[in-house]
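Here's the structure we're looking at; comments come further down.
Sequence lines set the chain letters: A, B, ... in the order given, protein chains first and strands last, and positions in each chain run from 1. The shown structure was predicted, so the numbers you read here are calculated from the model rather than taken from an experiment. The figures here come from the full heavy-atom set of this structure, side chains too, leaving out hydrogens, waters and symmetry mates.
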Amino acid sequence: MLHLFNTLTGKREPFKSVEPRKVGMYVCGVTVYDYCHIGHARSALVFDVLRRYLEYSGYTVTFVKNFTDVDDKIIKRAQEEGVTCEAITKKYIEAYDEDMGKLGIRPATEQPKATEHIEEIIRLTETLIDKGLAYVVDGDVYFHVARYPAYGRLSKRRLEDLQAGARVEVDERKRHPMDFALWKRSKPGEPSWPSPWGPGRPGWHIECSAMSIKHLGETFDIHGGGMDLIFPHHENEIAQSCGATGKEFARFWVHNGFVQIHQEKMSKSLGNFFTIREIFAKSDWPESVTGEVLRYFLLSTHYRGPLDFSDRAMKEAKNALNGFYDLFERLKEPSDSGTGDDCLDAVIEQARVSFVKAMDDDLNTPMAMAALQGLRGEVNKLLEKGLSSRRRAQAREAFRTMGNVLGLFQSDVWQFGASPSISRTLDVEGEKTGLGMMADDEIKRLVAERQAARLQKDFKRADEIRRFLAARGIIIEDRPDGTSRWKR
RNA sequence: GGCGCCGUACCCAAGUGGUAAGGGAGCAGUCUGCAAAACUGCGAUGCGGCGGUUCGAACCCGCCCGGCGCCUCCA
(Lines give C-alpha, C1' and ligand atoms only; values in the text may rest on other atoms or scores of the structure.)
Protein backbone atom coordinates (compact mmCIF):
# COMPACT_ATOMS: atom_id res chain seq x y z
CA MET A 1 0.00 0.00 0.00
CA LEU A 2 1.24 3.45 -0.92
CA HIS A 3 2.38 5.71 1.89
CA LEU A 4 2.87 9.40 1.28
CA PHE A 5 4.40 12.12 3.37
CA ASN A 6 1.64 14.60 4.06
CA THR A 7 2.81 18.16 4.70
CA LEU A 8 -0.47 18.85 6.47
CA THR A 9 0.20 16.34 9.24
CA GLY A 10 3.97 16.29 8.94
CA LYS A 11 3.84 12.51 8.79
CA ARG A 12 4.06 9.64 6.39
CA GLU A 13 0.55 8.22 6.07
CA PRO A 14 -1.12 5.35 4.24
CA PHE A 15 -2.77 6.73 1.16
CA LYS A 16 -6.51 6.28 0.99
CA SER A 17 -8.60 7.91 -1.67
CA VAL A 18 -11.99 9.48 -1.04
CA GLU A 19 -13.55 7.15 -3.58
CA PRO A 20 -12.19 3.64 -3.95
CA ARG A 21 -9.97 3.08 -6.97
CA LYS A 22 -10.21 6.73 -7.98
CA VAL A 23 -7.85 9.61 -7.30
CA GLY A 24 -8.32 13.32 -7.83
CA MET A 25 -5.02 15.15 -7.89
CA TYR A 26 -4.30 18.85 -8.37
CA VAL A 27 -0.85 20.22 -8.97
CA CYS A 28 0.16 23.86 -9.24
CA GLY A 29 1.67 24.34 -12.64
CA VAL A 30 3.58 27.39 -13.71
CA THR A 31 3.02 31.05 -14.35
CA VAL A 32 3.56 31.31 -18.07
CA TYR A 33 5.81 34.28 -18.61
CA ASP A 34 9.12 32.54 -19.35
CA TYR A 35 10.73 29.24 -20.26
CA CYS A 36 10.77 26.51 -17.65
CA HIS A 37 13.94 25.59 -15.83
CA ILE A 38 15.00 22.24 -14.38
CA GLY A 39 13.31 23.05 -11.10
CA HIS A 40 9.98 23.20 -12.89
CA ALA A 41 10.92 19.97 -14.64
CA ARG A 42 11.56 18.22 -11.36
CA SER A 43 8.24 19.23 -9.92
CA ALA A 44 6.35 18.24 -13.06
CA LEU A 45 8.24 14.96 -13.15
CA VAL A 46 7.60 14.05 -9.51
CA PHE A 47 3.87 14.38 -9.98
CA ASP A 48 4.01 12.66 -13.34
CA VAL A 49 5.59 9.70 -11.56
CA LEU A 50 3.09 9.84 -8.72
CA ARG A 51 0.32 9.75 -11.27
CA ARG A 52 1.93 6.88 -13.18
CA TYR A 53 2.44 4.90 -10.01
CA LEU A 54 -1.15 5.43 -8.88
CA GLU A 55 -2.26 4.14 -12.25
CA TYR A 56 0.14 1.21 -12.00
CA SER A 57 -1.40 0.49 -8.61
CA GLY A 58 -4.84 0.29 -10.18
CA TYR A 59 -6.27 3.75 -9.63
CA THR A 60 -8.02 5.86 -12.21
CA VAL A 61 -6.43 9.25 -11.84
CA THR A 62 -7.97 12.59 -12.66
CA PHE A 63 -4.96 14.83 -12.80
CA VAL A 64 -5.44 18.58 -12.97
CA LYS A 65 -2.51 20.90 -13.56
CA ASN A 66 -3.16 24.56 -14.09
CA PHE A 67 -1.53 27.37 -16.01
CA THR A 68 -1.48 30.73 -14.29
CA ASP A 69 -2.09 33.02 -17.22
CA VAL A 70 -2.95 36.29 -15.53
CA ASP A 71 -0.41 37.77 -13.18
CA ASP A 72 1.81 40.77 -12.50
CA LYS A 73 4.85 39.17 -14.09
CA ILE A 74 2.97 38.37 -17.27
CA ILE A 75 1.71 41.93 -17.49
CA LYS A 76 5.21 43.27 -16.94
CA ARG A 77 6.65 40.97 -19.56
CA ALA A 78 4.00 41.93 -22.09
CA GLN A 79 4.69 45.61 -21.51
CA GLU A 80 8.42 45.11 -21.89
CA GLU A 81 8.01 43.30 -25.16
CA GLY A 82 5.20 45.53 -26.38
CA VAL A 83 2.85 42.64 -27.00
CA THR A 84 -0.40 41.46 -25.48
CA CYS A 85 -0.58 39.25 -22.44
CA GLU A 86 -2.27 36.62 -24.57
CA ALA A 87 0.73 36.54 -26.89
CA ILE A 88 3.01 35.93 -23.93
CA THR A 89 0.92 33.23 -22.32
CA LYS A 90 0.28 31.44 -25.60
CA LYS A 91 3.96 31.36 -26.39
CA TYR A 92 5.02 29.96 -23.04
CA ILE A 93 2.20 27.46 -22.73
CA GLU A 94 3.32 26.01 -26.05
CA ALA A 95 6.91 26.01 -24.85
CA TYR A 96 5.84 24.28 -21.66
CA ASP A 97 4.09 21.49 -23.52
CA GLU A 98 7.05 21.09 -25.83
CA ASP A 99 9.66 21.01 -23.04
CA MET A 100 7.72 18.67 -20.81
CA GLY A 101 6.97 16.47 -23.80
CA LYS A 102 10.69 16.02 -24.38
CA LEU A 103 11.00 14.81 -20.82
CA GLY A 104 8.25 12.28 -21.37
CA ILE A 105 5.94 14.04 -18.96
CA ARG A 106 2.40 13.14 -19.87
CA PRO A 107 -0.13 15.94 -20.20
CA ALA A 108 -2.52 16.19 -17.27
CA THR A 109 -6.11 15.06 -17.67
CA GLU A 110 -7.13 18.70 -17.43
CA GLN A 111 -4.88 21.72 -17.93
CA PRO A 112 -7.12 24.63 -16.96
CA LYS A 113 -6.23 28.29 -17.23
CA ALA A 114 -7.08 30.97 -14.73
CA THR A 115 -8.58 33.25 -17.37
CA GLU A 116 -11.09 30.56 -18.28
CA HIS A 117 -12.42 30.45 -14.74
CA ILE A 118 -13.20 34.07 -13.96
CA GLU A 119 -16.83 33.28 -13.25
CA GLU A 120 -15.95 30.61 -10.71
CA ILE A 121 -13.38 32.90 -9.13
CA ILE A 122 -15.91 35.70 -8.74
CA ARG A 123 -18.48 33.34 -7.25
CA LEU A 124 -15.98 32.00 -4.75
CA THR A 125 -14.95 35.52 -3.79
CA GLU A 126 -18.59 36.50 -3.27
CA THR A 127 -19.10 33.51 -1.02
CA LEU A 128 -16.11 34.52 1.07
CA ILE A 129 -17.43 38.08 1.39
CA ASP A 130 -20.87 36.76 2.37
CA LYS A 131 -19.30 34.61 5.04
CA GLY A 132 -17.41 37.55 6.46
CA LEU A 133 -14.05 36.09 5.50
CA ALA A 134 -13.27 38.74 2.92
CA TYR A 135 -13.80 42.47 2.53
CA VAL A 136 -13.81 45.05 -0.24
CA VAL A 137 -11.58 48.11 -0.35
CA ASP A 138 -11.62 50.45 -3.37
CA GLY A 139 -12.38 47.70 -5.85
CA ASP A 140 -9.91 45.28 -4.31
CA VAL A 141 -11.05 42.27 -2.34
CA TYR A 142 -8.94 40.84 0.49
CA PHE A 143 -9.12 37.65 2.46
CA HIS A 144 -9.26 38.41 6.15
CA VAL A 145 -6.84 35.95 7.76
CA ALA A 146 -7.70 36.90 11.32
CA ARG A 147 -11.20 35.57 10.73
CA TYR A 148 -9.92 32.17 9.76
CA PRO A 149 -8.63 30.47 12.92
CA ALA A 150 -6.93 27.54 11.21
CA TYR A 151 -4.65 29.86 9.23
CA GLY A 152 -1.10 28.52 9.41
CA ARG A 153 -2.09 24.88 9.75
CA LEU A 154 -0.20 23.71 6.67
CA SER A 155 2.96 25.74 7.10
CA LYS A 156 2.96 25.35 10.89
CA ARG A 157 3.09 29.04 11.40
CA ARG A 158 1.26 31.30 13.74
CA LEU A 159 -0.01 34.66 12.59
CA GLU A 160 1.99 36.40 15.31
CA ASP A 161 5.23 34.82 14.06
CA LEU A 162 4.51 35.81 10.52
CA GLN A 163 3.86 39.37 11.51
CA ALA A 164 7.11 39.63 13.39
CA GLY A 165 9.14 38.58 10.38
CA ALA A 166 7.11 40.26 7.70
CA ARG A 167 9.30 42.11 5.28
CA VAL A 168 6.45 43.43 3.25
CA GLU A 169 5.32 46.98 3.25
CA VAL A 170 2.13 47.22 5.19
CA ASP A 171 -0.80 48.26 3.09
CA GLU A 172 -2.79 50.59 5.33
CA ARG A 173 -6.03 49.56 3.74
CA LYS A 174 -5.62 45.96 4.91
CA ARG A 175 -7.12 44.96 8.21
CA HIS A 176 -4.28 42.54 8.89
CA PRO A 177 -0.82 42.66 7.30
CA MET A 178 -1.14 39.08 6.14
CA ASP A 179 -4.44 39.60 4.36
CA PHE A 180 -4.05 38.73 0.70
CA ALA A 181 -5.82 39.80 -2.46
CA LEU A 182 -8.61 37.71 -3.92
CA TRP A 183 -9.44 40.31 -6.53
CA LYS A 184 -7.39 43.22 -7.78
CA ARG A 185 -8.76 46.35 -9.34
CA SER A 186 -7.21 46.76 -12.79
CA LYS A 187 -5.07 49.69 -13.72
CA PRO A 188 -5.46 51.09 -17.23
CA GLY A 189 -3.98 48.80 -19.84
CA GLU A 190 -4.12 45.72 -17.64
CA PRO A 191 -6.26 42.66 -18.32
CA SER A 192 -9.65 43.24 -16.83
CA TRP A 193 -12.96 41.52 -16.26
CA PRO A 194 -16.21 43.01 -14.97
CA SER A 195 -17.07 42.10 -11.39
CA PRO A 196 -19.42 43.19 -8.61
CA TRP A 197 -16.51 45.30 -7.29
CA GLY A 198 -15.69 46.92 -10.59
CA PRO A 199 -13.31 45.89 -13.38
CA GLY A 200 -10.39 43.84 -12.16
CA ARG A 201 -8.51 40.56 -12.23
CA PRO A 202 -8.09 37.65 -9.87
CA GLY A 203 -5.35 37.41 -7.26
CA TRP A 204 -2.97 34.52 -7.53
CA HIS A 205 -4.19 32.09 -4.90
CA ILE A 206 -7.89 32.15 -5.64
CA GLU A 207 -7.54 30.60 -9.08
CA CYS A 208 -6.27 27.31 -7.71
CA SER A 209 -9.13 27.08 -5.24
CA ALA A 210 -11.65 27.81 -7.97
CA MET A 211 -10.16 25.42 -10.51
CA SER A 212 -9.51 22.52 -8.18
CA ILE A 213 -13.01 22.69 -6.75
CA LYS A 214 -14.52 22.91 -10.19
CA HIS A 215 -12.62 19.99 -11.67
CA LEU A 216 -12.20 17.74 -8.63
CA GLY A 217 -14.92 18.72 -6.18
CA GLU A 218 -14.75 20.43 -2.83
CA THR A 219 -12.80 17.60 -1.20
CA PHE A 220 -10.23 15.70 -3.18
CA ASP A 221 -7.23 13.46 -2.63
CA ILE A 222 -3.90 15.02 -3.45
CA HIS A 223 -2.64 18.55 -3.89
CA GLY A 224 0.95 19.07 -4.89
CA GLY A 225 3.61 21.55 -5.83
CA GLY A 226 7.09 22.73 -4.97
CA MET A 227 8.08 23.29 -1.35
CA ASP A 228 8.18 27.00 -1.88
CA LEU A 229 4.44 26.98 -2.46
CA ILE A 230 3.63 25.77 1.05
CA PHE A 231 3.59 29.34 2.22
CA PRO A 232 1.81 31.46 1.36
CA HIS A 233 0.21 29.94 -1.71
CA HIS A 234 -1.09 26.64 -0.38
CA GLU A 235 -1.84 28.04 3.04
CA ASN A 236 -4.01 30.63 1.34
CA GLU A 237 -5.70 28.08 -0.86
CA ILE A 238 -6.72 26.11 2.18
CA ALA A 239 -8.03 29.21 3.91
CA GLN A 240 -10.09 30.22 0.87
CA SER A 241 -11.40 26.79 0.04
CA CYS A 242 -12.20 25.55 3.50
CA GLY A 243 -13.50 28.99 4.39
CA ALA A 244 -15.91 28.97 1.47
CA THR A 245 -17.08 25.35 1.53
CA GLY A 246 -16.81 24.57 5.22
CA LYS A 247 -15.42 21.21 4.14
CA GLU A 248 -12.08 19.56 4.04
CA PHE A 249 -10.10 20.60 0.97
CA ALA A 250 -7.20 18.41 -0.25
CA ARG A 251 -6.46 15.48 2.03
CA PHE A 252 -2.85 14.89 1.11
CA TRP A 253 -0.41 17.73 0.52
CA VAL A 254 2.70 16.63 -1.32
CA HIS A 255 5.68 18.91 -1.88
CA ASN A 256 8.89 18.34 -3.79
CA GLY A 257 12.32 19.66 -2.86
CA PHE A 258 14.42 22.06 -4.89
CA VAL A 259 16.94 21.61 -7.62
CA GLN A 260 20.13 23.32 -6.60
CA ILE A 261 23.24 24.57 -8.29
CA HIS A 262 26.31 24.31 -6.13
CA GLN A 263 24.23 23.83 -3.01
CA GLU A 264 22.04 26.84 -3.70
CA LYS A 265 18.43 26.92 -4.72
CA MET A 266 18.00 27.36 -8.43
CA SER A 267 15.81 30.36 -8.94
CA LYS A 268 15.07 33.22 -11.22
CA SER A 269 16.07 35.81 -8.70
CA LEU A 270 19.51 34.26 -8.18
CA GLY A 271 19.94 33.88 -11.92
CA ASN A 272 21.55 30.48 -11.46
CA PHE A 273 19.03 28.48 -13.44
CA PHE A 274 19.17 26.34 -16.53
CA THR A 275 16.15 26.16 -18.74
CA ILE A 276 15.03 22.81 -20.03
CA ARG A 277 15.57 23.85 -23.63
CA GLU A 278 19.03 25.08 -22.78
CA ILE A 279 19.95 21.64 -21.50
CA PHE A 280 18.68 20.03 -24.68
CA ALA A 281 20.38 22.59 -26.89
CA LYS A 282 23.73 22.04 -25.25
CA SER A 283 23.54 18.29 -25.04
CA ASP A 284 25.83 16.07 -27.09
CA TRP A 285 23.26 13.36 -27.22
CA PRO A 286 20.19 12.72 -29.32
CA GLU A 287 17.08 14.33 -27.89
CA SER A 288 15.51 11.10 -26.70
CA VAL A 289 18.69 10.24 -24.85
CA THR A 290 18.96 13.64 -23.23
CA GLY A 291 15.33 13.47 -22.13
CA GLU A 292 15.74 10.08 -20.56
CA VAL A 293 19.04 10.96 -18.93
CA LEU A 294 17.55 14.08 -17.39
CA ARG A 295 14.64 12.02 -16.17
CA TYR A 296 16.91 9.39 -14.70
CA PHE A 297 18.95 12.07 -13.00
CA LEU A 298 15.93 13.86 -11.55
CA LEU A 299 14.58 10.62 -10.11
CA SER A 300 17.87 9.48 -8.64
CA THR A 301 17.18 11.44 -5.46
CA HIS A 302 14.12 11.15 -3.28
CA TYR A 303 11.59 13.79 -4.30
CA ARG A 304 11.56 15.62 -1.00
CA GLY A 305 15.30 16.06 -0.75
CA PRO A 306 17.45 18.67 -2.43
CA LEU A 307 19.07 17.71 -5.70
CA ASP A 308 22.22 19.28 -7.05
CA PHE A 309 22.35 19.66 -10.81
CA SER A 310 25.66 19.48 -12.57
CA ASP A 311 27.25 18.40 -15.78
CA ARG A 312 28.95 15.60 -13.93
CA ALA A 313 25.68 14.34 -12.47
CA MET A 314 24.22 14.21 -15.97
CA LYS A 315 27.13 12.17 -17.22
CA GLU A 316 26.78 9.75 -14.34
CA ALA A 317 23.11 9.33 -15.10
CA LYS A 318 23.95 8.73 -18.75
CA ASN A 319 26.49 6.07 -17.84
CA ALA A 320 24.08 4.34 -15.52
CA LEU A 321 21.34 4.31 -18.16
CA ASN A 322 23.84 3.04 -20.68
CA GLY A 323 24.16 -0.16 -18.72
CA PHE A 324 20.46 -0.82 -19.09
CA TYR A 325 20.38 -0.18 -22.81
CA ASP A 326 23.49 -2.31 -23.33
CA LEU A 327 21.52 -5.11 -21.71
CA PHE A 328 18.46 -4.39 -23.85
CA GLU A 329 20.63 -4.73 -26.95
CA ARG A 330 21.82 -8.12 -25.76
CA LEU A 331 18.24 -9.14 -25.10
CA LYS A 332 17.43 -8.48 -28.75
CA GLU A 333 19.88 -11.11 -29.94
CA PRO A 334 18.12 -14.37 -30.79
CA SER A 335 19.13 -17.49 -28.92
CA ASP A 336 18.02 -21.12 -28.58
CA SER A 337 20.02 -21.84 -25.48
CA GLY A 338 17.97 -21.64 -22.32
CA THR A 339 19.99 -22.93 -19.41
CA GLY A 340 18.96 -19.95 -17.30
CA ASP A 341 15.33 -19.89 -18.45
CA ASP A 342 13.85 -21.44 -15.36
CA CYS A 343 15.35 -18.84 -13.07
CA LEU A 344 13.91 -15.80 -14.83
CA ASP A 345 10.43 -15.76 -13.31
CA ALA A 346 11.78 -15.72 -9.79
CA VAL A 347 14.32 -13.03 -10.58
CA ILE A 348 11.69 -10.78 -12.12
CA GLU A 349 9.27 -11.38 -9.29
CA GLN A 350 11.88 -10.50 -6.72
CA ALA A 351 12.64 -7.25 -8.50
CA ARG A 352 8.96 -6.43 -8.77
CA VAL A 353 8.45 -6.91 -5.04
CA SER A 354 11.39 -4.64 -4.23
CA PHE A 355 10.25 -2.09 -6.76
CA VAL A 356 6.71 -1.89 -5.40
CA LYS A 357 7.96 -1.79 -1.82
CA ALA A 358 10.20 1.15 -2.67
CA MET A 359 7.52 3.08 -4.52
CA ASP A 360 4.99 2.39 -1.78
CA ASP A 361 7.39 3.98 0.64
CA ASP A 362 6.69 7.60 -0.18
CA LEU A 363 7.79 7.21 -3.79
CA ASN A 364 11.32 6.14 -3.00
CA THR A 365 12.57 6.29 -6.57
CA PRO A 366 16.28 5.83 -5.72
CA MET A 367 15.43 2.57 -4.06
CA ALA A 368 13.12 1.58 -6.90
CA MET A 369 15.97 2.23 -9.31
CA ALA A 370 18.23 0.07 -7.18
CA ALA A 371 15.69 -2.74 -7.63
CA LEU A 372 15.91 -2.27 -11.39
CA GLN A 373 19.70 -2.22 -11.20
CA GLY A 374 19.51 -5.46 -9.27
CA LEU A 375 17.34 -6.99 -11.97
CA ARG A 376 19.79 -5.79 -14.57
CA GLY A 377 22.60 -7.66 -12.81
CA GLU A 378 20.57 -10.83 -12.42
CA VAL A 379 19.45 -10.87 -16.03
CA ASN A 380 23.00 -10.29 -17.20
CA LYS A 381 24.07 -13.29 -15.16
CA LEU A 382 21.31 -15.43 -16.64
CA LEU A 383 22.43 -14.28 -20.07
CA GLU A 384 25.85 -15.69 -19.28
CA LYS A 385 24.20 -19.03 -18.58
CA GLY A 386 21.95 -18.78 -21.62
CA LEU A 387 18.48 -17.35 -22.12
CA SER A 388 16.12 -18.30 -24.93
CA SER A 389 14.62 -15.67 -27.21
CA ARG A 390 11.25 -16.00 -25.55
CA ARG A 391 12.72 -15.39 -22.11
CA ARG A 392 14.76 -12.50 -23.41
CA ALA A 393 11.59 -10.84 -24.62
CA GLN A 394 9.99 -11.50 -21.25
CA ALA A 395 12.90 -9.85 -19.45
CA ARG A 396 12.73 -6.81 -21.74
CA GLU A 397 9.02 -6.55 -21.05
CA ALA A 398 9.59 -6.54 -17.29
CA PHE A 399 11.95 -3.61 -17.65
CA ARG A 400 9.49 -1.85 -19.88
CA THR A 401 6.59 -2.29 -17.46
CA MET A 402 8.37 -1.18 -14.32
CA GLY A 403 10.35 1.41 -16.23
CA ASN A 404 7.12 2.89 -17.48
CA VAL A 405 6.22 3.94 -13.95
CA LEU A 406 9.35 6.07 -13.92
CA GLY A 407 9.04 6.91 -17.61
CA LEU A 408 12.23 5.03 -18.43
CA PHE A 409 13.25 2.22 -20.78
CA GLN A 410 10.57 2.88 -23.36
CA SER A 411 12.92 3.40 -26.30
CA ASP A 412 13.62 0.52 -28.62
CA VAL A 413 16.90 2.01 -29.62
CA TRP A 414 19.27 3.77 -27.37
CA GLN A 415 22.24 5.42 -28.99
CA PHE A 416 22.95 2.44 -31.23
CA GLY A 417 22.45 3.77 -34.71
CA ALA A 418 20.89 6.84 -33.16
CA SER A 419 19.43 9.64 -35.20
CA PRO A 420 21.76 12.35 -36.45
CA SER A 421 22.96 14.68 -33.79
CA ILE A 422 25.53 17.34 -33.47
CA SER A 423 28.17 17.13 -30.84
CA ARG A 424 28.11 20.13 -28.58
CA THR A 425 29.02 20.92 -25.05
CA LEU A 426 26.88 20.63 -22.02
CA ASP A 427 28.68 23.42 -20.34
CA VAL A 428 27.20 23.44 -16.90
CA GLU A 429 30.33 23.66 -14.82
CA GLY A 430 32.31 25.62 -17.28
CA GLU A 431 34.16 22.62 -18.59
CA LYS A 432 34.25 21.89 -22.28
CA THR A 433 33.34 18.41 -23.31
CA GLY A 434 32.44 18.59 -26.98
CA LEU A 435 34.83 17.40 -29.62
CA GLY A 436 33.26 18.77 -32.71
CA MET A 437 30.61 17.52 -35.04
CA MET A 438 30.29 13.90 -35.91
CA ALA A 439 27.36 12.98 -38.11
CA ASP A 440 25.91 9.48 -38.13
CA ASP A 441 26.65 8.91 -41.81
CA GLU A 442 30.29 9.64 -41.25
CA ILE A 443 30.42 7.25 -38.34
CA LYS A 444 28.70 4.54 -40.32
CA ARG A 445 31.15 4.94 -43.17
CA LEU A 446 34.14 4.56 -40.84
CA VAL A 447 32.64 1.61 -39.04
CA ALA A 448 32.13 -0.11 -42.41
CA GLU A 449 35.67 0.68 -43.44
CA ARG A 450 36.99 -0.76 -40.21
CA GLN A 451 34.86 -3.84 -40.75
CA ALA A 452 36.47 -4.42 -44.11
CA ALA A 453 39.94 -3.93 -42.64
CA ARG A 454 39.23 -6.50 -39.93
CA LEU A 455 38.16 -9.06 -42.50
CA GLN A 456 41.52 -8.66 -44.16
CA LYS A 457 43.24 -8.90 -40.78
CA ASP A 458 44.43 -5.33 -41.19
CA PHE A 459 44.20 -4.68 -37.46
CA LYS A 460 46.45 -1.66 -37.65
CA ARG A 461 43.94 0.19 -39.76
CA ALA A 462 41.04 -1.16 -37.72
CA ASP A 463 42.51 0.11 -34.47
CA GLU A 464 43.33 3.42 -36.05
CA ILE A 465 39.67 3.90 -36.84
CA ARG A 466 38.65 2.75 -33.38
CA ARG A 467 40.94 5.31 -31.81
CA PHE A 468 39.81 8.05 -34.14
CA LEU A 469 36.17 7.47 -33.21
CA ALA A 470 36.92 6.95 -29.54
CA ALA A 471 38.52 10.37 -29.43
CA ARG A 472 35.19 11.73 -30.60
CA GLY A 473 33.18 9.88 -28.01
CA ILE A 474 32.10 7.04 -30.26
CA ILE A 475 32.54 3.54 -28.91
CA ILE A 476 32.64 0.55 -31.21
CA GLU A 477 31.48 -2.78 -29.94
CA ASP A 478 32.37 -5.92 -31.90
CA ARG A 479 29.83 -8.69 -31.70
CA PRO A 480 30.61 -12.42 -31.56
CA ASP A 481 29.08 -12.88 -35.03
CA GLY A 482 31.66 -10.56 -36.55
CA THR A 483 29.44 -7.50 -36.91
CA SER A 484 30.01 -4.23 -35.09
CA ARG A 485 27.74 -1.63 -33.58
CA TRP A 486 28.52 1.74 -32.13
CA LYS A 487 27.26 4.13 -29.51
CA ARG A 488 27.99 7.57 -28.25
C1' G B 1 13.13 36.86 15.50
C1' G B 2 9.78 32.46 13.85
C1' C B 3 9.28 27.77 11.02
C1' G B 4 12.03 23.95 8.55
C1' C B 5 15.70 21.03 5.79
C1' C B 6 20.49 18.80 4.80
C1' G B 7 25.54 16.65 6.26
C1' U B 8 26.53 8.42 4.79
C1' A B 9 33.06 5.97 0.58
C1' C B 10 36.38 9.59 -4.89
C1' C B 11 31.14 11.12 -6.77
C1' C B 12 25.67 10.25 -6.65
C1' A B 13 22.49 7.87 -3.17
C1' A B 14 19.16 4.32 0.05
C1' G B 15 18.82 2.91 4.98
C1' U B 16 15.77 6.16 10.56
C1' G B 17 16.96 1.05 16.79
C1' G B 18 19.63 -4.98 15.31
C1' U B 19 25.04 -4.62 13.44
C1' A B 20 26.35 0.01 6.43
C1' A B 21 21.37 -1.36 -0.37
C1' G B 22 22.37 0.22 -5.22
C1' G B 23 24.75 2.99 -9.08
C1' G B 24 28.84 5.81 -11.36
C1' A B 25 34.05 6.25 -11.38
C1' G B 26 38.67 3.36 -10.10
C1' C B 27 41.88 -1.04 -9.60
C1' A B 28 42.80 -6.45 -10.55
C1' G B 29 41.24 -10.95 -13.12
C1' U B 30 38.27 -13.95 -17.00
C1' C B 31 36.78 -13.25 -22.10
C1' U B 32 38.62 -10.62 -26.75
C1' G B 33 43.24 -9.97 -32.67
C1' C B 34 42.89 -5.23 -29.68
C1' A B 35 38.67 -3.23 -27.46
C1' A B 36 33.65 -2.83 -25.73
C1' A B 37 29.97 -5.35 -23.09
C1' A B 38 29.41 -9.07 -19.46
C1' C B 39 31.07 -11.84 -15.34
C1' U B 40 34.37 -12.39 -10.77
C1' G B 41 37.11 -9.95 -6.96
C1' C B 42 38.79 -5.31 -4.17
C1' G B 43 36.81 -0.75 -1.78
C1' A B 44 33.40 3.27 4.58
C1' U B 45 35.54 -1.27 11.82
C1' G B 46 32.27 3.45 10.13
C1' C B 47 27.53 7.19 8.65
C1' G B 48 29.81 16.07 10.40
C1' G B 49 31.74 16.40 15.97
C1' C B 50 31.08 15.51 21.33
C1' G B 51 28.11 13.58 25.14
C1' G B 52 23.62 10.66 26.75
C1' U B 53 19.54 6.73 26.62
C1' U B 54 19.84 1.32 25.27
C1' C B 55 21.86 -5.43 25.58
C1' G B 56 22.51 -2.83 20.94
C1' A B 57 22.31 3.86 17.42
C1' A B 58 24.06 6.23 11.13
C1' C B 59 19.07 5.87 13.01
C1' C B 60 16.27 8.24 19.63
C1' C B 61 17.69 12.68 23.09
C1' G B 62 20.99 17.03 24.15
C1' C B 63 24.79 20.39 22.78
C1' C B 64 28.11 21.98 19.00
C1' C B 65 30.17 22.58 13.81
C1' G B 66 29.26 23.22 8.59
C1' G B 67 25.70 24.16 4.40
C1' C B 68 20.79 25.57 2.79
C1' G B 69 15.50 26.91 2.43
C1' C B 70 10.82 29.47 3.74
C1' C B 71 8.67 33.72 6.35
C1' U B 72 8.27 38.74 -0.40
C1' C B 73 7.12 36.49 -6.61
C1' C B 74 9.20 31.62 -6.82
C1' A B 75 8.53 24.30 -8.71
Nearest listed nucleotide, side chain of [X], among [options]:
X: A/Asn319; options: B/G33, B/A75, B/G24; answer: B/G24
X: A/Pro232; options: B/A21, B/G24, B/C73; answer: B/C73
X: A/Met367; options: B/C34, B/A75, B/A14; answer: B/A14
X: A/Val30; options: B/A75, B/G24, B/G15; answer: B/A75
X: A/Arg454; options: B/G33, B/A21, B/G23; answer: B/G33

Measuring only the [atom1] atom in each nucleotide, how far is [N] from [M]? A whole number of Å is fine.
N: B/C55; M: B/C65; atom1: P; result: 32 Å
N: B/A36; M: B/U45; atom1: C1'; result: 38 Å
N: B/G46; M: B/C31; atom1: C1'; result: 37 Å
N: B/C61; M: B/U54; atom1: P; result: 16 Å
N: B/U53; M: B/G15; atom1: P; result: 29 Å
N: B/C6; M: B/C59; atom1: C1'; result: 15 Å
N: B/G67; M: B/G56; atom1: P; result: 35 Å
N: B/G23; M: B/A38; atom1: P; result: 11 Å

Pairs under 3.5 Å (N/O, protein and nucleotides 3-11 of chain B):
unit_1: B/C11; atom_1: O4'; unit_2: A/Arg312; atom_2: NH2; d: 3.3

Please state whether the phosphate of B/A21, meaning OP1 or OP2, lies under 4.0 angstrom from any side-chain nitrogen or oxygen of A/Asn364.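 No, because none of the side-chain N or O atoms of A/Asn364 sits under 4.0 Å from OP1 or OP2 of B/A21.
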Output yes when at least one side-chain N/O atom of A/Ser300 is less than 4.0 Å from OP1 or OP2 of B/C12, else no.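 Looking at the OP1 and OP2 atoms of B/C12, neither is under 4.0 Å from any side-chain N or O of A/Ser300.
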Could you pull out all residues at least two apart from A/Tyr148 that satisfy ring pair (Phe, Tyr, Trp, His ring centres under 6.0 Å)?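 With sequence neighbours excluded, A/Tyr148 shows a ring pair (Phe, Tyr, Trp, His ring centres under 6.0 Å) to no residue whatsoever.
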Round to a whole Å and report the spacing from NZ of A/Lys357 to P of B/A21.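 Between P of B/A21 and NZ of A/Lys357: 14 Å.
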I'd like to know if A/Arg42 reaches the base of B/A75 with its side chain, counting only an N/O donor and acceptor under 3.5 Å.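 Result: no qualifying N/O pair found.
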Do NZ/NE/NH1/NH2 and the carboxylate oxygens of A/Asp412 and A/Arg400 come within less than 4.0 Å?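 Answer for the salt bridge query: yes.
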For nucleotides 37-44 of chain B, which of its nitrogen or oxygen atoms have a protein nitrogen or oxygen under 3.5 Å away, and what is each distance?
unit_1: B/A38; atom_1: OP1; unit_2: A/Arg376; atom_2: NH2; d: 2.9
unit_1: B/A38; atom_1: O2'; unit_2: A/Glu384; atom_2: OE2; d: 2.6

Identify the heavy atoms of A/Asn256 and A/Phe47 that sit nearest to each other, and give their distance.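 Here A/Asn256 and A/Phe47 meet closest at OD1-CE1, 3.7 Å.
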